[in-house]
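Only one structure is covered here, and it is reproduced in the block below.
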Amino acid sequence: MSGVVAQIIDGKALAQAIRTELREQAAALQVKGVRPGLSVFLVGDDPASALYVRNKHKACESVGVFSEEQRLPATLSQDELINLVKAANANPKIHGILVQLPLPDHIDKRVILETIAAEKDVDGFHPYNMGGLLEGNPRVVACTPKGVVKMIESTGISIEGKRAVVVGRSQIVGKPAAMLLLERHATVTICHSRTQDLGSRCREADILIVAAGKARMIGADMVKPGAVVIDVGMNLVDKGFVGDVDFESVSEVAGWISPVPGGVGPMTIAMLLENTVEAAARAAK
Ligand code: NDP
(Lines give C-alpha, C1' and ligand atoms only; values in the text may rest on other atoms or scores of the structure.)
Protein backbone atom coordinates (compact mmCIF):
# COMPACT_ATOMS: atom_id res chain seq x y z
CA MET A 1 0.00 0.00 0.00
CA SER A 2 1.40 3.45 -0.82
CA GLY A 3 0.17 6.78 0.62
CA VAL A 4 -2.98 6.14 2.69
CA VAL A 5 -4.93 9.37 3.01
CA ALA A 6 -8.24 8.18 4.43
CA GLN A 7 -8.97 8.23 8.12
CA ILE A 8 -10.31 4.92 9.36
CA ILE A 9 -13.81 4.73 10.80
CA ASP A 10 -13.17 2.20 13.54
CA GLY A 11 -16.51 0.43 13.93
CA LYS A 12 -15.12 -1.90 16.56
CA ALA A 13 -14.03 0.94 18.86
CA LEU A 14 -17.25 2.87 18.25
CA ALA A 15 -19.31 -0.25 19.03
CA GLN A 16 -17.31 -0.81 22.22
CA ALA A 17 -18.05 2.73 23.42
CA ILE A 18 -21.76 2.24 22.69
CA ARG A 19 -21.75 -1.07 24.58
CA THR A 20 -20.21 0.62 27.61
CA GLU A 21 -23.07 3.15 27.64
CA LEU A 22 -25.64 0.41 27.12
CA ARG A 23 -24.26 -1.56 30.07
CA GLU A 24 -24.92 1.47 32.27
CA GLN A 25 -28.42 1.96 30.85
CA ALA A 26 -29.23 -1.74 31.33
CA ALA A 27 -27.99 -1.57 34.95
CA ALA A 28 -30.14 1.52 35.59
CA LEU A 29 -33.20 -0.30 34.21
CA GLN A 30 -32.48 -3.28 36.38
CA VAL A 31 -32.55 -1.04 39.45
CA LYS A 32 -36.13 -0.23 38.38
CA GLY A 33 -36.86 -3.97 38.19
CA VAL A 34 -36.62 -4.29 34.40
CA ARG A 35 -33.88 -6.45 32.94
CA PRO A 36 -33.77 -5.97 29.15
CA GLY A 37 -34.54 -9.31 27.49
CA LEU A 38 -34.08 -10.60 23.94
CA SER A 39 -35.62 -13.74 22.50
CA VAL A 40 -33.89 -15.21 19.45
CA PHE A 41 -35.48 -17.87 17.25
CA LEU A 42 -33.22 -20.09 15.19
CA VAL A 43 -35.02 -22.50 12.89
CA GLY A 44 -32.92 -25.25 11.27
CA ASP A 45 -29.21 -25.91 11.53
CA ASP A 46 -27.55 -23.48 9.15
CA PRO A 47 -24.02 -23.15 10.65
CA ALA A 48 -23.61 -19.46 9.71
CA SER A 49 -26.95 -18.59 11.37
CA ALA A 50 -25.96 -20.59 14.46
CA LEU A 51 -22.71 -18.61 14.66
CA TYR A 52 -24.55 -15.25 14.35
CA VAL A 53 -26.97 -16.30 17.08
CA ARG A 54 -24.12 -17.34 19.38
CA ASN A 55 -22.38 -14.00 18.84
CA LYS A 56 -25.58 -12.10 19.59
CA HIS A 57 -26.04 -14.12 22.79
CA LYS A 58 -22.47 -13.33 23.93
CA ALA A 59 -22.96 -9.65 23.10
CA CYS A 60 -26.15 -9.55 25.17
CA GLU A 61 -24.38 -11.10 28.15
CA SER A 62 -21.58 -8.52 27.90
CA VAL A 63 -23.98 -5.62 28.51
CA GLY A 64 -26.32 -7.28 30.99
CA VAL A 65 -29.15 -8.03 28.56
CA PHE A 66 -30.91 -11.33 29.24
CA SER A 67 -31.12 -13.44 26.09
CA GLU A 68 -32.89 -16.69 25.40
CA GLU A 69 -32.31 -18.76 22.33
CA GLN A 70 -34.97 -21.04 20.92
CA ARG A 71 -33.33 -23.59 18.64
CA LEU A 72 -36.03 -25.20 16.56
CA PRO A 73 -35.98 -28.05 14.03
CA ALA A 74 -36.11 -27.25 10.29
CA THR A 75 -39.33 -29.31 10.19
CA LEU A 76 -41.15 -26.82 12.45
CA SER A 77 -44.41 -25.69 10.85
CA GLN A 78 -45.22 -22.06 10.15
CA ASP A 79 -48.13 -22.18 12.60
CA GLU A 80 -45.91 -23.55 15.34
CA LEU A 81 -43.43 -20.73 14.81
CA ILE A 82 -46.25 -18.15 14.80
CA ASN A 83 -47.45 -19.50 18.16
CA LEU A 84 -43.96 -19.31 19.67
CA VAL A 85 -43.53 -15.72 18.45
CA LYS A 86 -46.94 -14.80 19.86
CA ALA A 87 -45.90 -16.27 23.24
CA ALA A 88 -42.78 -14.06 23.19
CA ASN A 89 -44.96 -11.06 22.26
CA ALA A 90 -46.99 -11.70 25.41
CA ASN A 91 -44.00 -12.36 27.69
CA PRO A 92 -43.28 -9.24 29.79
CA LYS A 93 -39.67 -10.38 30.40
CA ILE A 94 -38.96 -10.19 26.67
CA HIS A 95 -38.51 -6.72 25.13
CA GLY A 96 -36.90 -7.72 21.84
CA ILE A 97 -37.69 -10.56 19.44
CA LEU A 98 -35.45 -11.62 16.62
CA VAL A 99 -36.12 -14.38 14.12
CA GLN A 100 -32.83 -15.33 12.51
CA LEU A 101 -33.04 -15.33 8.71
CA PRO A 102 -33.07 -17.18 6.40
CA LEU A 103 -36.03 -19.37 7.35
CA PRO A 104 -36.75 -22.77 5.73
CA ASP A 105 -38.61 -22.50 2.41
CA HIS A 106 -41.95 -23.73 3.80
CA ILE A 107 -42.13 -20.75 6.21
CA ASP A 108 -43.19 -17.38 4.82
CA LYS A 109 -40.71 -14.84 6.20
CA ARG A 110 -43.17 -11.96 5.77
CA VAL A 111 -45.89 -13.66 7.80
CA ILE A 112 -43.44 -14.33 10.63
CA LEU A 113 -41.94 -10.84 10.66
CA GLU A 114 -45.45 -9.35 10.73
CA THR A 115 -46.33 -11.55 13.71
CA ILE A 116 -43.64 -9.95 15.87
CA ALA A 117 -45.12 -7.14 17.97
CA ALA A 118 -43.85 -3.93 16.33
CA GLU A 119 -42.52 -2.53 19.63
CA LYS A 120 -40.47 -5.73 20.17
CA ASP A 121 -39.21 -5.85 16.58
CA VAL A 122 -35.55 -5.06 17.39
CA ASP A 123 -34.47 -5.90 13.83
CA GLY A 124 -36.75 -3.13 12.55
CA PHE A 125 -38.09 -5.30 9.68
CA HIS A 126 -41.80 -5.11 10.59
CA PRO A 127 -43.82 -3.14 7.99
CA TYR A 128 -44.95 -0.74 10.76
CA ASN A 129 -41.34 0.12 11.52
CA MET A 130 -40.29 0.20 7.85
CA GLY A 131 -43.30 2.45 7.19
CA GLY A 132 -42.19 4.79 9.97
CA LEU A 133 -38.97 5.41 8.07
CA LEU A 134 -40.88 6.29 4.89
CA GLU A 135 -43.13 8.65 6.82
CA GLY A 136 -40.07 10.41 8.24
CA ASN A 137 -41.08 9.15 11.66
CA PRO A 138 -38.53 6.45 12.50
CA ARG A 139 -39.51 4.10 15.30
CA VAL A 140 -37.41 0.94 15.62
CA VAL A 141 -34.71 1.31 12.96
CA ALA A 142 -32.97 -1.69 11.35
CA CYS A 143 -29.60 -2.36 12.99
CA THR A 144 -27.20 -2.19 10.05
CA PRO A 145 -28.41 1.12 8.54
CA LYS A 146 -28.73 2.63 12.02
CA GLY A 147 -25.10 1.69 12.69
CA VAL A 148 -24.02 3.04 9.30
CA VAL A 149 -25.48 6.47 10.07
CA LYS A 150 -23.74 6.54 13.48
CA MET A 151 -20.48 5.74 11.74
CA ILE A 152 -20.93 8.66 9.34
CA GLU A 153 -21.87 10.95 12.22
CA SER A 154 -18.75 9.84 14.12
CA THR A 155 -16.61 11.59 11.48
CA GLY A 156 -18.08 14.94 12.52
CA ILE A 157 -19.00 15.64 8.88
CA SER A 158 -22.49 17.06 8.48
CA ILE A 159 -24.85 14.93 6.36
CA GLU A 160 -27.17 17.85 5.54
CA GLY A 161 -26.98 18.97 1.92
CA LYS A 162 -24.41 16.32 0.96
CA ARG A 163 -24.67 14.07 -2.08
CA ALA A 164 -25.11 10.54 -0.78
CA VAL A 165 -25.04 7.44 -2.94
CA VAL A 166 -26.22 4.06 -1.66
CA VAL A 167 -25.25 1.01 -3.71
CA GLY A 168 -27.84 -1.69 -2.97
CA ARG A 169 -31.60 -1.49 -2.46
CA SER A 170 -32.33 -4.36 -0.08
CA GLN A 171 -35.04 -4.08 2.57
CA ILE A 172 -32.53 -4.61 5.35
CA VAL A 173 -29.70 -2.28 4.32
CA GLY A 174 -29.92 -0.19 1.14
CA LYS A 175 -33.48 1.19 1.33
CA PRO A 176 -33.51 2.02 5.06
CA ALA A 177 -30.00 3.53 4.83
CA ALA A 178 -31.19 5.79 2.00
CA MET A 179 -34.28 6.85 4.02
CA LEU A 180 -32.16 7.68 7.08
CA LEU A 181 -29.85 9.87 4.99
CA LEU A 182 -32.83 11.58 3.34
CA GLU A 183 -34.22 12.23 6.81
CA ARG A 184 -30.93 13.96 7.62
CA HIS A 185 -31.32 16.14 4.49
CA ALA A 186 -28.80 14.48 2.19
CA THR A 187 -29.55 14.35 -1.54
CA VAL A 188 -29.73 10.61 -2.06
CA THR A 189 -29.23 8.36 -5.07
CA ILE A 190 -29.93 4.64 -4.77
CA CYS A 191 -28.05 2.36 -7.18
CA HIS A 192 -28.64 -1.30 -7.94
CA SER A 193 -27.77 -4.02 -10.42
CA ARG A 194 -29.53 -2.24 -13.32
CA THR A 195 -27.91 1.16 -12.68
CA GLN A 196 -26.06 2.40 -15.73
CA ASP A 197 -22.58 3.84 -15.34
CA LEU A 198 -22.28 3.02 -11.65
CA GLY A 199 -18.81 4.57 -11.54
CA SER A 200 -20.13 8.03 -12.48
CA ARG A 201 -22.93 7.81 -9.90
CA CYS A 202 -20.48 6.75 -7.16
CA ARG A 203 -18.01 9.51 -8.06
CA GLU A 204 -20.74 12.08 -7.34
CA ALA A 205 -20.91 10.92 -3.72
CA ASP A 206 -19.67 12.92 -0.75
CA ILE A 207 -21.00 9.95 1.25
CA LEU A 208 -20.84 6.52 -0.38
CA ILE A 209 -22.49 3.50 1.23
CA VAL A 210 -21.91 0.18 -0.45
CA ALA A 211 -24.14 -2.82 0.33
CA ALA A 212 -24.11 -5.00 -2.78
CA GLY A 213 -22.43 -8.20 -1.63
CA LYS A 214 -19.81 -8.14 -4.42
CA ALA A 215 -16.22 -8.48 -3.26
CA ARG A 216 -14.12 -5.33 -3.87
CA MET A 217 -16.45 -4.03 -6.60
CA ILE A 218 -15.74 -0.36 -5.76
CA GLY A 219 -12.29 0.73 -6.86
CA ALA A 220 -10.44 4.02 -6.37
CA ASP A 221 -11.59 5.29 -9.78
CA MET A 222 -15.22 5.18 -8.52
CA VAL A 223 -14.66 7.36 -5.47
CA LYS A 224 -14.62 11.14 -5.15
CA PRO A 225 -11.49 12.39 -3.38
CA GLY A 226 -12.24 13.07 0.28
CA ALA A 227 -15.52 11.10 0.33
CA VAL A 228 -16.83 9.21 3.37
CA VAL A 229 -17.00 5.55 2.32
CA ILE A 230 -18.93 2.99 4.39
CA ASP A 231 -18.45 -0.61 3.32
CA VAL A 232 -21.31 -2.86 4.42
CA GLY A 233 -20.30 -5.84 2.28
CA MET A 234 -19.17 -9.11 3.84
CA ASN A 235 -17.85 -11.49 1.22
CA LEU A 236 -16.13 -14.75 1.99
CA VAL A 237 -13.02 -15.21 -0.17
CA ASP A 238 -10.04 -17.54 0.28
CA LYS A 239 -8.35 -15.29 2.83
CA GLY A 240 -11.46 -14.64 4.94
CA PHE A 241 -14.00 -11.83 4.71
CA VAL A 242 -13.57 -8.80 2.46
CA GLY A 243 -15.88 -5.88 1.80
CA ASP A 244 -17.48 -4.52 -1.36
CA VAL A 245 -14.84 -1.78 -1.45
CA ASP A 246 -11.25 -2.32 -2.52
CA PHE A 247 -9.87 -0.98 0.74
CA GLU A 248 -6.27 -0.77 -0.39
CA SER A 249 -6.82 1.52 -3.37
CA VAL A 250 -9.86 3.43 -2.09
CA SER A 251 -8.15 4.38 1.17
CA GLU A 252 -5.70 6.40 -0.96
CA VAL A 253 -8.54 8.55 -2.33
CA ALA A 254 -11.32 8.68 0.27
CA GLY A 255 -11.31 11.04 3.25
CA TRP A 256 -12.82 8.43 5.55
CA ILE A 257 -13.29 4.70 5.11
CA SER A 258 -14.66 1.84 7.20
CA PRO A 259 -12.71 -1.43 7.14
CA VAL A 260 -13.99 -5.01 6.78
CA PRO A 261 -13.82 -6.66 9.22
CA GLY A 262 -14.00 -4.20 12.12
CA GLY A 263 -16.38 -1.72 10.52
CA VAL A 264 -20.13 -2.15 10.04
CA GLY A 265 -20.27 -5.69 11.52
CA PRO A 266 -19.61 -4.76 15.18
CA MET A 267 -21.88 -1.73 14.83
CA THR A 268 -24.77 -3.93 13.66
CA ILE A 269 -24.52 -6.00 16.85
CA ALA A 270 -24.21 -2.86 19.00
CA MET A 271 -27.40 -1.50 17.41
CA LEU A 272 -29.25 -4.74 18.15
CA LEU A 273 -28.30 -4.29 21.81
CA GLU A 274 -29.30 -0.62 21.66
CA ASN A 275 -32.69 -1.45 20.12
CA THR A 276 -33.28 -4.05 22.86
CA VAL A 277 -32.32 -1.70 25.70
CA GLU A 278 -34.47 1.06 24.15
CA ALA A 279 -37.42 -1.35 23.88
CA ALA A 280 -36.99 -2.26 27.56
CA ALA A 281 -36.82 1.42 28.51
CA ARG A 282 -40.09 2.06 26.64
CA ALA A 283 -41.70 -0.91 28.40
CA ALA A 284 -40.48 0.40 31.77
CA LYS A 285 -42.32 3.71 31.31
P1 NDP B 1 -28.92 -8.23 -1.05
O2 NDP B 1 -28.35 -9.32 -1.88
O3 NDP B 1 -30.26 -8.37 -0.47
O4 NDP B 1 -28.90 -6.88 -1.91
C5 NDP B 1 -27.81 -6.53 -2.70
C6 NDP B 1 -28.14 -5.26 -3.44
O7 NDP B 1 -26.99 -4.89 -4.21
C8 NDP B 1 -29.30 -5.42 -4.44
O9 NDP B 1 -30.13 -4.30 -4.36
C10 NDP B 1 -28.60 -5.52 -5.78
O11 NDP B 1 -29.35 -4.94 -6.85
C12 NDP B 1 -27.37 -4.68 -5.56
N13 NDP B 1 -26.27 -5.10 -6.42
C14 NDP B 1 -25.78 -6.34 -6.58
N15 NDP B 1 -24.78 -6.34 -7.49
C16 NDP B 1 -24.65 -5.07 -7.91
C17 NDP B 1 -23.80 -4.43 -8.86
N18 NDP B 1 -22.88 -5.10 -9.54
N19 NDP B 1 -23.95 -3.11 -9.04
C20 NDP B 1 -24.87 -2.39 -8.35
N21 NDP B 1 -25.70 -2.95 -7.43
C22 NDP B 1 -25.59 -4.27 -7.23
O23 NDP B 1 -27.82 -7.95 0.07
P24 NDP B 1 -27.94 -7.25 1.52
O25 NDP B 1 -28.38 -5.85 1.39
O26 NDP B 1 -28.60 -8.17 2.44
O27 NDP B 1 -26.38 -7.25 1.91
C28 NDP B 1 -25.41 -6.58 1.14
C29 NDP B 1 -24.03 -6.94 1.67
O30 NDP B 1 -23.93 -6.46 3.00
C31 NDP B 1 -23.73 -8.44 1.74
O32 NDP B 1 -22.35 -8.62 1.49
C33 NDP B 1 -24.05 -8.79 3.17
O34 NDP B 1 -23.30 -9.91 3.62
C35 NDP B 1 -23.60 -7.54 3.86
N36 NDP B 1 -24.26 -7.30 5.15
C37 NDP B 1 -23.46 -7.03 6.21
C38 NDP B 1 -24.02 -6.78 7.43
C39 NDP B 1 -23.12 -6.48 8.56
O40 NDP B 1 -23.57 -6.42 9.68
N41 NDP B 1 -21.85 -6.20 8.33
C42 NDP B 1 -25.46 -6.82 7.66
C43 NDP B 1 -26.23 -7.04 6.46
C44 NDP B 1 -25.62 -7.28 5.25
P45 NDP B 1 -30.78 -5.54 -7.34
O46 NDP B 1 -31.76 -5.07 -6.30
O47 NDP B 1 -30.98 -4.91 -8.65
O48 NDP B 1 -30.62 -7.03 -7.38
Side-chain angles (χ1 to χ4, degrees), residues 8-16 18-19 40 46-49 51-56 58-59 98-103 109-110 113 122-125 130 133 141-152 164-181 188-205 208-219 221-223 229-237 239-247 250 257-275:
I8 306 297
I9 305 176
D10 186 344
K12 205 171 162 187
L14 206 54
Q16 198 49 53
I18 292 168
R19 283 195 195 201
V40 179
D46 174 45
S49 295
L51 177 67
Y52 295 144
V53 167
R54 249 194 331 274
N55 288 342
K56 287 167 185 173
K58 274 196 224 152
L98 185 157
V99 177
Q100 185 65 43
L101 301 177
L103 287 168
K109 174 181 90 175
R110 257 187 39 185
L113 295 181
V122 282
D123 256 341
F125 297 160
M130 296 290 284
L133 270 186
V141 174
C143 303
T144 301
K146 189 179 185 189
V148 163
V149 168
K150 290 210 184 199
M151 291 168 81
I152 299 167
V165 173
V166 181
V167 182
R169 55 174 166 179
S170 71
Q171 296 285 89
I172 63 167
V173 190
K175 278 185 199 164
M179 288 303 129
L180 289 172
L181 292 170
V188 185
T189 301
I190 305 176
C191 300
H192 45 78
S193 65
R194 321 279 170 92
T195 296
Q196 292 182 10
D197 197 0
L198 182 68
S200 295
R201 298 290 77 73
C202 290
R203 271 190 303 277
E204 292 166 2
L208 178 62
I209 297 174
V210 191
K214 295 278 177 296
R216 302 192 187 99
M217 69 176 280
I218 303 292
D221 59 332
M222 299 169 83
V223 175
V229 179
I230 307 286
D231 188 356
V232 183
M234 288 260 288
N235 308 288
L236 190 56
V237 294
K239 288 189 210 149
F241 282 100
V242 298
D244 290 350
V245 174
D246 180 31
F247 185 87
V250 172
I257 187 168
S258 71
V260 176
V264 174
M267 283 299 282
T268 296
I269 300 242
M271 293 303 98
L272 171 66
L273 300 174
E274 185 171 285
N275 282 349

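We count ligands from 1, going down the list as the structure has it; atoms in each ligand are counted the same way. Values in this document were obtained by computation on a predicted structure and should not be read as measured data.
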Calculate, to the nearest 0.5 Å, the distance between atoms [atom1] and [atom2] belonging to [X] and [Y] respectively.
| X | Y | atom1 | atom2 | result |
| --- | --- | --- | --- | --- |
| K150 | L14 | NZ | CG | 8.5 Å |
| T189 | E204 | OG1 | CD | 6.0 Å |
| Y52 | L98 | OH | CG | 13.0 Å |

Determine the minimum heavy-atom distance between [X] and [Y], stating which atoms define it.
| X | Y | result |
| --- | --- | --- |
| G219 | D246 | CA-CB, 4.4 Å |
| H192 | R169 | CB-NE, 3.3 Å |
| V242 | A215 | CG2-CB, 3.8 Å |

> Under a 4.0 Å heavy-atom cut-off, what residues line ligand 1?
Replying inline: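 Heavy-atom contacts below 4.0 Å: T144, V167, G168, R169, S170, I172, V173, H192, S193, L198, A211, A212, G213, K214, M217, V232, G233, M234, N235, V264, G265, T268.
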